[in-house]
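First comes the structure, then the notes that go with it.
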Amino acid sequence: MTHVAHELHAEFPNDADTLHKLKVNDPHFAKLADHYHDLNREIHRIEAGIEAASDERTEDLKKERLSILDQVSAMLSAAKAGA
């Protein structure tokens, strides 16, 4: 299996501790992170040819992944500002 890029810890390498704290202490963040992980895996399976999907479906998934990244980024910024 090929390397799966775009994991949250890879996207925010300097924020591993904050990511962990948010995932443990914030149920909304944990749900968001899990959904991001599921989306990321689905996109990977499509790009690897394991799972079929239309170009439109693939683009929709990627847009959703980016939207979640924006939310995660905002939550990380807020958590660091409040620390």
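Treat the numbers as computed from the prediction; the structure is a model and nothing was measured.
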**OP:** Tell me, please, which residues at least two apart from Lys23 pass side chain to side chain donor-acceptor pair (under 3.5 Å).
**Re:**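 Result, side chain to side chain donor-acceptor pair (under 3.5 Å) vs Lys23: Asp34.
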
Should [X] and [Y] count as side-chain neighbours, where that means a heavy-atom distance under 4.5 Å?
| X | Y | result |
| --- | --- | --- |
| Asn40 | Leu8 | no |
| Phe12 | Leu76 | yes |
| Lys62 | Glu47 | yes |

Could you measure the distance from the [atom1] atom of [X] to the [atom2] atom of [Y]? Nearest 0.5 Å is fine.
| X | Y | atom1 | atom2 | result |
| --- | --- | --- | --- | --- |
| Ile43 | Glu59 | CD1 | CD | 9.0 Å |
| Asp38 | Leu61 | CG | CG | 11.5 Å |
| Lys31 | Asp26 | NZ | CG | 12.5 Å |
| His9 | His20 | NE2 | NE2 | 8.5 Å |
| Ser77 | Met75 | OG | CE | 11.0 Å |
| Leu19 | Lys21 | CG | NZ | 11.5 Å |

Original post:
Between Glu7 and Arg41, is the closest basic N to carboxylate O distance under 4.0 Å?
Top reply: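 A salt bridge is present here (some side-chain N lies under 4.0 Å from a carboxylate O).
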
**OP:** Output yes when Arg65 and Glu42 qualify as a salt bridge under the 4.0 Å nitrogen-oxygen rule, no when they do not.
**Re:**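 No, no charged N to carboxylate O under 4.0 Å.
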
Original post:
If you draw a 6.0 Å radius around CG in Asp55, do more than 12 non-hydrogen atoms from other residues or ligands fall strictly inside?
Top reply: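 No.
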
Subject >> Pairing residues for Glu64 by the salt bridge (charged side-chain N to carboxylate O under 4.0 Å, His left out) criterion, not counting sequence neighbours >> reply: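 Here no residue qualifies.
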
**OP:** Go through Asp15 and Lys80 one step at a time and tell me if the side chain to side chain contact (heavy atoms under 4.5 Å, CB included) criterion holds.
**Re:** CA-CA 9 Å; Asp15 297 315; Lys80 289 189 285 187; 3.1 Å; yes

**OP:** Looking only at non-hydrogen atoms, find the nearest pair between Pro13 and Ala10 and report the distance.
**Re:**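 Nearest heavy atoms, Pro13 then Ala10: CD-O, 3.4 Å.
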
